Amino acid sequence: MTLYDIIFYLFAVITIASAFVVVTTRNVIYSGFTLLFTFFGVAGIYVLLGADFLAIVQIMVYVGGILILILFGVMLTNKITDVDIRTGTIHLLPAAIGVGILFGALTSVMVWTDWKTEPVEIPITTTYAIGKELLTNYVLIFELLGILLLVVLIGAASIARRDKE
Amino acid sequence: MTESVLSTLSLIILFLPLFGFTVVILLGKRFPKLYLFEVAILTIAFILSVVVMYSKLAYYLNIDIISSFNWITIGAAPLAGVINIELGIKIDNVTVIMLFVVNLISMLVHIFSIEYMHGDQRYTRYFANLGLFTFSMLGIVLTHNLLMMYIFWELVGLSSYLLIGHWYEKKSAADAAKKAFIVNRIGDIGMFIGILILFTHYKTFTFDTIFAQISQGNIPFNSEAWLTAAGILVFMGAVGKSAQFPLHVWLPDAMEGPTPVSALIHAATMVAAGVYLVTRIFVMLTADAMLVIAVVGAFTSLVAATIALTQNDIKKVLAYSTVSQLGYMIMSLGVGAYVFAFFHLVTHAFFKACLFLGSGSVIHAMHHEQDIRNMGGLRKKLPLTYATFLISTIAISGIPLTSGFLSKDGILAGTLAFGKLTGHWLIPIMGFTVAAMTAFYMFRLVIMTFHGEPRDHHKYDHAHESPWVMVGPLVVLAALSIFIWYTPNPLSPDAGWFMKNWVKTPNTVVPESSRFEFMQSASQETEVHGEVVHSPLYTETMHWAHYPAMGMSILLAGLGILFAFLFYQWKKINADNLATKIKLLYNFSLNKWYLDEAYDATAVSGTLNFSKILSWFDNKIVDGAVNGSAWLGRFISRLSNLFDTFVVDGLVNFTAFFGGFIGFAFRKLQTGKVQTYIVFVVFAVIILLLFFKPF
Amino acid sequence: MELNNLYQSINLILPEIVLSASLVILVLADLIFHKDKRLIPYIAGIGIAITGAFVINQFGISGFGFQSTSQSIRNYGLIAVDSFGVFFKLIVIASSFLIIFFSLSSSEISKIKDRVGEYYALIFGMILGMFFMISSTDLILIYISLELLSLSSYVLAGFTKLQDRNSEAALKYLLYGAVSSGLMLFGISLVYGLTGSTNLYVINSLIQGPHVNLFTLSLAVILIFAGIGYKISSAPFHFWTPDVYEGAPITITAFLSVASKAAGFALLIRFIKTTFVSYINDNGEWTLINVFDWQSVLIAISILTMTLGNFSALWQNNLKRMLAYSSIAHAGYLLLGLVVLTNQGLLAILIYFIVYLLMNLGAFLVVMLIANKINSEDIDDYNGIGYTSPLLGVSLAIFLISLTGLPPTAGFIGKLYLFVALVDAKMITVAVIALLNSVVSLYYYVRVLKHMYLSKATDSTPSIIPSFGSRILVLVLVIPVLVFGIYFGPLVNLAKSCLVIIGF
Amino acid sequence: MMGFPILTLITFLPVLGMIIILFLKKEQGNTIKYTTLAITAIQVVLAIILLTNYNYSAAGVYEERSFQFIEKFRWIEIGGISWLGTVKIDYFLGVDGLSMPMVLLTALISFIATISSWNINHSLKGYFALFLLLDTGMMGVFVALDFFLFYIFWELMLLPMYFLIGIWGGPRKEYAAIKFFIYTLFGSIFILLVMIGLYFSATETLADGTKVFTFNLLQLMNSGNYTADGILSPLNPNNLRFIAYLALFVGFAIKIPMFPFHTWLPDAHVEAPTPISVILAGVLLKMGTYGILRISYPIFPDITRDLMWWIAMFGMVNIIYGAFVALAQKDFKKLIAYSSVSHMGYVLLGMASLTTTGVNGAIFQMFNHGTITAMLFLIVGVVYDRAHTRGLDDFGGLALQMPAYTGFVTVAFFAAIGLPSMSGFISEALVFVGAFGVESIRIITMISTLGILLGAGYMLWTLQRIFFGPLNQKWATLKDIEFREYAMFIPLTIIIIFLGVYPSAMLDIMNTSVNTLVNFLHNNFTVSSISGL
Amino acid sequence: MAQVGLTHFLVISSILFSLGIYGIITRKNAVMVLMGIELILNSANINFVAFSKFGNLGINGQIVALFVIVLAAAEAAIALAIVLNIYKTYANVNVDEIDHLKD
């Protein structure tokens, strides 16, 4: 039981537990905030996997961006006045069954497959490599994402903005 | 006059009436007087036929004149050989005599009708149809092949249909016409199949070719059974046309037509066509076939006679007597007395026509009263009609010095001989019984109509003798019922030219094994062509049978007449009491053996019901099976109003029904809740994963 | 990676570059002429025209772009340019071009003319996404381009915000799409784990190797297929289609039903062909690698799709919705061409797409023109409309008949080639099922005719005289439908020349 | 004459007319009518020209050179690539003894139907446009010698028919129309499948010696052209020829209509307007039997030989069944419709015999049934126009009111009964003669003769119920037929009687071809490995 | 428990994935559905990174994850916009009540 393992399990527990809360709690605000922990957990896992840069991005984009966005969503789509914002649930049974089976399938796959593994060597830092890759092999995708963001910008704006009538 | 001229003339005779028909039917509306044209045409035709008959009998007595042409050329057909369909005419003695008879009677009827039908609202149409009939009848007479026979066979059917239904606004008339046609069709189908058998085997319709083939032992499908079948089947045509039991039921109803029509078609000519047909195929009849024919004929004549005993409608009586006489002729063909059958055909044509026209004259005088119970004493009012009527009655009753006596006597002798030769004694017995009955009911008719006291004075007072256009024909026909035209010797026809020279029993062509031994075939022919060629055995049996037959027939006829007088003239026996005594029998006879009822109950309604069932089947099951069946649709629709709108929507149809069902199922999936869809997606993934595991 | 490599790669994506450029131009133009935006559509049109020119220019060229050089095995690029791709790009271009004109005559779009710039910009976003879907040979790029397409279309589905149903459509489309792409992404990750690569060609060469965990692979493949299947709206991933099609503005519906379906098919075909086909013999029959039984999966799915589409369509009273289902059914027919796994089938698909482009857009166009006037797509409002507005009536009739697949319309030719392919592959039963399906489809198509012609026109029946432009537009679509029905040589020849999928 | 594309002309003339009509105004009702009349009249003239130039001794059937008025040129040509040979589809028209009578019939019936369309009262433009389109479809089916072309024409008729029934039809027109449409489409998909199957089974050798798959019917009839492994090739030991034959047969049988696929017919007939019923009964039904003779028979002689007994059987069922059902009808038009079912049975029976007489009879019967039934439907139309009812029991005594009309009715009815001296008799007789000649179906033939009796039954009963008996006063005001109706009846009457008296006029046209066909049927495709039944 | 290896990470990701699906299906509130989607994306990301590490595939996995994060952000933006729009129209964001488009 090395330190590595302990940290791993720690993050694992955080991630899963919080994620569980996210999808089960009836209060939207709660789940919104618990999602924060999930993201943190995932970021931690990234670190364990030696993807430091990615972990940072995860925290910045998810926590700093998406989560805020979501919370805004929550706020904007509810009366601020009412204290706790509850939401109902549907399809519990089919969800339980379907997800159960799916989970079973996935885990078995994950466990029984002999994945393509090789002796691991962890690079010191990934930032440089990532930057290089982004601008050479993945330059096309990189640019495309730029355009995508532009389109999304336009789209989101034009949908969300209040029409002047 | 050459043969070609002769055949040309016959063709002219054949087509003259058609020409008349066409002209009158097309222009009749515009020129009402055209009926005279029609009459003129017939007169010409008659004169020509006399000429033809004379020249044929005088110059070509023993030569058959045949002229024919290719109608349909199919040529060398695969697997079938050369097939060409010929039409053509054959003129032999029988033909010319028939030509004469038909034209004569037709002409007389035309003339008679001028007065009788006067004032009818479809006067010209009537004459046109008469012309059409004459044409068809002549066609039957002249044809030299089965196909043409069948064609004209149907055409006479048509014209008889039109003429019976002349007064179609009378439902009974329309019904009678329909009945006549359909009942005849039944017979025709048999005839048609018979023809098919012959054609399939011989690839020709021509009589002589077929007979020649048979005589060389080439019989249909090499089985005598088929030959017999062919004979009987073709004979079925005759059963229909000549109103033989069990298809005779149409003839009495046919009396709904105008009386002259009954005289021409349903007494003298068309109904005799059946007999004529059998004479044509006589030579290919096997023993079994002949026996069948004889029995049918005999039985028919018996049935008809028994019915005739009690009928009270003057025309019905005559109708049944016609049936009975036709039965005689058929019977006599069956027993091989070919010549006498034909002879009787001719004589009967004359006196029966006379009787019908006479009855027509009576009805005319009595203002369309037909029930003899309302007549009586008319002989003072209608002396000429009475005289002619009486002569014909004597003739039909078979009293010496009449033509009827000669022919009937011959037929009876033939049956007797047949009985002796083959042991079928029942046939002569029936024959003689009928002879007695005939005499009885005919005289009953005469007495009730002309003798005694008038029963309906009102009508009686207005009755008066018909004008000459009507009486003239009667006289002619009555005259022709005297023996002198046929033979010098009033007791035996054999001496007469008619039998001695003109008409001969043709040689049978049936193989030895399947014919009566008394029938002679060409191979055994001893004397030159044109002599009577019965085997010696048969000839001597006929001689043996001649006098007994004569005696008995005279005796029985006398008895019949005597009883008639006892019953109705002198009232020694009360008919009604007797009737009540034997009520069962009486009603049986009065109601025509309940045959019509029986047919209605079985065949007719059976067919109709079956058709109803089938049509139900068609709507509900066949259509239904494809249609998802209306009732099922409605049933479902009760389950769900969804289907209701569905049915109303006019998509009652299996595909749509089924499709609607599936669609309905699919629709349930489309809930509009996106999360439900996602559930489906998840399950879809799982299912795909489970079902399409890699190999 | 060397510059010349990059340079020639750039050559290969000129059309895409033009698209992006015109996208930006549109945005700018939108800002510049914010007073009156009548010019915008024409700018868009020109942009598309130029793109089209560049695409046509790519005919015959074939090659990979953006090869990575970092590792030895990855000498295949992110994108492949080949005549197959060019064909589908042309389909997309053509439909986009038509859509622009649709939008010009659509009353819905005219109501939002102040946002028209964004509208076209988003459409360009879609086109760009489609282009990359068509040409990409790398799962990552595939995923991203798919997302680009989806994100733009989510917005466009709810763009007009005129009726409630717009927003609803947008939401449903979004959630459904997000989940599907999520599944796809997960599948991709699994493939990545199995093979260590995301490049189709590499994957192909790797899965031919001995030890591949088939169960895992098929799970991954199915997850990926969920993503693609949702794009081509094939059962059982079609559920969004009717709702979104009904809810979205009709121009977008038309666009989705043709262009994004085309892109999806291009993607599916390329994915299957490059990833799972080991070799192709002279008769053009494909041999699958023995890892995943595509054939039976596709048979099942295509039959399910067409049956479901047709039978559900029997019920629809809203024409847009009916056409949605019919487009599902057509997806089923198109899949038949893939089922046989032969070049013949591929050919059939290409031909069918040309035809489908014409007739489906045509149908939508007419529906739109009618909706402009009576603003309803309810079939009962079509009663007797055939009499009051003959041109639209007749052309709609022709389009529907063509969709049914009866001669002498182009639709028949499309179906004919599909069935030819099936029979040639000895799949008689499938062919029979498909044919019976087309009989069923006759119902709901003819039902429209019934309402248009068999029920009498009343006074309330509007008589619609479309603008001159619209009439031209209708004719532009009708005439080829008829001509190709009688004389389809060029059609087939074009398709024939576009069969080359780079690789094997 | 050969140089001149007369067949194209006669086929596409109506389309021309349609275009003209489309350019006319709605208001110009009469112009439209007269245009149509002119077009159809020209068609008749062209048909007569065809006849006058027709060579009676040329067989046709399976050899191209003995077809007449051939027009053949490449229609679709798709350059080949290795795995998919060149696709070549010809525009290939021609007539022989099998199609010539049908061409004449089509021209004639279209003309008559146009006359009877005179009192169509609403949306004339559409009506006549569709009518002409239909005309083209029908004509095309009979002159096409390329399966693909044939199929196009075959399907081309569906839509106009749907509208003509659906728009101008009776109360339940929509149901009838869709039913007709669905049924026929259902049938034709099978034809389509077999067409494709055949395409892949046989090749045609081009001038340059290359072999290409072909839709050319005549090439498909040559057993030498079949590839070794084609699914419908007799050389292929496990071929599907048997199933294909059944499929094809069903496809055609629906059009005939053969029991049990006949249920669309009564509905369609009852609801369709008179001229359309005339076309339907006069021409469309013939396409089924024509298709069988032209395609099923010579392409699948082996199966045909195996199945002839069954075809005869179905023929018999049609005859008897149709007649019985007709007997029970209460609706005049329905009765006539079912009588058609019965009469088409004779055609089937005759074809099944595979003898010259039988097949001659069948084709001749097709023609005669065309004319006679057309006349019958016209008759129904006349009385319906006047009385607005078709219930057999609503009438009575019409003969008194409308004598001339009754005259024609009598002719038509007796023609339908098969009275000698009318054309119907000859064909039925030939059918029976032919069928009876074949041992195996002799019994069937005998039973079938019942049809003659039943026919007489329902026809005469109808005649009596409608025309005889006392006049139903309700109809005391009906007018007798006027000039236009004479114009429809007289030509038909003349033809019916003329052909009854001089059948060779028609039989000689088909005789050579039929002989060839029968020969062909008995001697070809002997290698087939079908076990039969 | 064994030495922490690839499988452990994968199991986590699969759990996240399942939870995400569960959330998407069961939560009525649109925003929470979106959270579910984010979970799925995260789980995929974990896969990529894990595979790239243990498969020694360099850093491609990380880059892909990077892209995915960006996409997630974009998607969230659009999603929120649409959800807001829905809220404007229906005054609530309960996905299951927005079912007016259906058969």
Side-chain angles (χ1 to χ4, degrees), chain B residues 626-695, chain E residues 10-11 13-48 68 71-72 75-103:
Chain B
V626 190
N627 253 5
S629 71
W631 68 265
L632 183 57
R634 263 183 261 107
F635 173 69
I636 300 297
S637 69
R638 263 188 240 98
L639 299 185
S640 127
N641 60 349
L642 211 64
F643 282 93
D644 214 15
T645 59
F646 193 51
V647 175
V648 175
D649 199 15
L651 290 177
V652 192
N653 185 310
F654 181 70
T655 329
F657 166 75
F658 177 71
F661 187 73
I662 296 181
F664 176 61
F666 288 152
R667 286 184 57 166
K668 282 287 153 220
L669 301 180
Q670 204 70 28
T671 56
K673 293 188 177 14
V674 65
Q675 285 161 311
T676 323
Y677 303 162
I678 296 171
V679 173
F680 291 144
V681 171
V682 171
F683 278 98
V685 169
I686 293 167
I687 289 166
L688 281 174
L689 188 59
L690 295 185
F691 276 120
F692 299 104
K693 284 191 297 295
F695 331 84
Chain E
L10 295 184
V11 170
S13 91
S14 67
I15 294 172
L16 271 185
F17 183 80
S18 314
L19 284 174
I21 297 282
Y22 179 83
I24 292 169
I25 297 175
T26 54
R27 316 308 283 170
K28 285 186 172 181
N29 188 316
V31 181
M32 298 181 75
V33 175
L34 296 180
M35 299 181 191
I37 294 171
E38 299 302 340
L39 288 185
I40 294 184
L41 296 179
N42 272 288
S43 70
N45 271 354
I46 295 179
N47 278 357
F48 274 112
V68 173
L71 272 177
E75 202 166 271
I78 294 284
L80 262 303
I82 288 173
V83 170
L84 286 183
N85 199 16
I86 286 286
Y87 185 68
K88 261 185 262 161
T89 346
Y90 294 90
N92 73 49
V93 290
N94 286 353
V95 180
D96 63 320
E97 294 166 27
I98 303 172
D99 59 354
H100 307 287
L101 291 171
K102 65 179 170 198
D103 275 344

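It should be emphasised that the depicted structure is a prediction, and the values quoted were computed from it without experimental measurement. The chains referred to below are lettered A, B, ... by the order of the sequence lines, with proteins before strands, and numbering in each begins at 1.
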* Let me know if Ile21(E) has heavy atoms under 4.5 Å from chain B in its side chain, its backbone, both or neither. => side chain
May I have a table of the donor-acceptor pairs connecting chain E and chain B at distances under 3.5 Å?
| unit_1 | atom_1 | unit_2 | atom_2 | d |
| --- | --- | --- | --- | --- |
| Ile24(E) | O | Gln675(B) | NE2 | 2.9 |
| Ile25(E) | O | Gln675(B) | NE2 | 3.3 |
| Arg27(E) | O | Gln675(B) | NE2 | 2.4 |
| Asp99(E) | OD2 | Lys673(B) | NZ | 2.6 |

* Asked: Considering residues at least two apart in sequence or located in another chain, which fulfil the side-chain contact (heavy atoms from CB on, under 4.5 Å) criterion with Ala72(E)?
  ->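 Residues passing side-chain contact (heavy atoms from CB on, under 4.5 Å) with Ala72(E): Tyr62(A), Ile66(A), Glu38(E), Leu41(E).
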